[in-house]
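Reading through the structure tokens given below for one structure.
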Amino acid sequence: MKTLVLATTNKNKLREFKEILQDFDIDIKSLSDFGPIPEIIEDGATFDDNAYKKAHQTARFLGIPAIADDSGLEVEALEGAPGVYSARYASENATDEENCDKLLKNMAEVKNRKAKFVCVISIAVPSGPALTYKGECPGLITKERCGANGFGYDPVFFYEEFGKTFAEASSEQKNNVSHRGKALKEIKDEANKISVWLDQKLYEEKPEKPDHNEFMQNDWSE
Ligand code: ITT
């Protein structure tokens with residue numbers, strides 16, 4: 001069985017990955033199974049850029065294939081904001097509540113409440129090649145926070161088919177329709193192809209030991 005390390009510091013993402021990939025025949029390890037890795041600066045302009053950066057730099061540092069998710073909320077009336085800044089919309093170390101409250105404030109007078117969650121997942125090997133998977137989920141921004149499940153913007157994301165927010169839905173309901181659920185379903189459907197691709201890429205690349213000094217100097221340049 002192949003092993004992939006999931007490059008995320010977000011415990012809720014880790015939980016959703018584990019729930020959705022329960023019967024996946026690739027072994028997903030978390031970062032806590034390894035020692036600490038240097039912080040990865042998410043300065044990409046797109047979800048694709050950041051997902052690849054997280055997966056590739058983790059794979060390079062640990063010397064094994066990695067999988068990473070970059071995701072966020074795009075609000076139509078705010079021209080796609082908070083987008084790639086979703087995790088730090090209210091401030092650099094903002095809490096989920098602070099981000100939701102800033103969004104509700106910015107949307108207070110806005111009629112068009114349409115939004116979508118976007119998730120890009122990258123699977124990368126240490127030498128650089130990667131596979132990319134995407135999922136989107138449309139919804140509406142509420143007027144106030146509702147519900148206590150989930151994380152991030154779930155309390156302000158109204159999913160019309162459920163008639164409630166993601167934070168009022170069960171994790172099973174959310175995972176069935178969510179951006180992350182859709183991207184991970186594609187990955188599950190392609191498990192055999194991914195396994196063959198990983199064999200091929202790992203065979204092609206020279207097995208060299210990762211140079212940790214390079215990372216200690218904070219040189220993450222590609
Ligand atoms: P990692 O980079 O370590 O994976 P992170 O939380 O910083 O963790 P992102 O940079 O991808 O992850 O930011 C994602 C943010 O988008 C997240 O913090 C939430 O605010 C929001 N978000 C993403 N998926 C979500 C979901 O399923 N439900 C609610 N909010 C979500």
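Bear in mind that the values here come from a model prediction, so they are computed numbers and not experimental data. Atoms within each ligand, like the ligands themselves, are counted from 1 in listed order. Heavy atoms only: backbone and side chains are in, while hydrogens, waters and symmetry mates are out.
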For this session: Output yes when Glu19 and Arg15 qualify as a salt bridge under the 4.0 Å nitrogen-oxygen rule, no when they do not.
Result: yes

For this session: Tell me, please, which residues at least two apart from Glu168 pass side-chain contact (heavy atoms from CB on, under 4.5 Å).
Result: Cys146, Lys164, Thr165

Seminar exercise, completed: When rounded to the nearest 0.5 Å, the distance separating CD1 of Ile141 from CG of Asn106 is 11.5 Å

Exercise. What is the ring orientation for Phe117 with Phe166, classed by angle as parallel under 30°, tilted 30 to 60°, or perpendicular over 60°?
Worked result: parallel

Problem set entry | Those protein residues which place at least one heavy atom below 4.0 Å from ligand 1 | Thr8, Thr9, Asn10, Lys13, Glu42, Lys54, Asp69, Asp70, Ser71, Gly72, Ser86, Ala87, Phe117, Phe151, Gly152, Tyr153, Asp154, Lys174, His179, Arg180

Problem set entry | Phe24 six-ring centre to Lys188 NZ/CZ under 6.0 Å and within 45° of normal | no

Problem set entry | Distance-only polar pair, side chains of Asn175 and Ser178, donor-acceptor under 3.5 Å | no

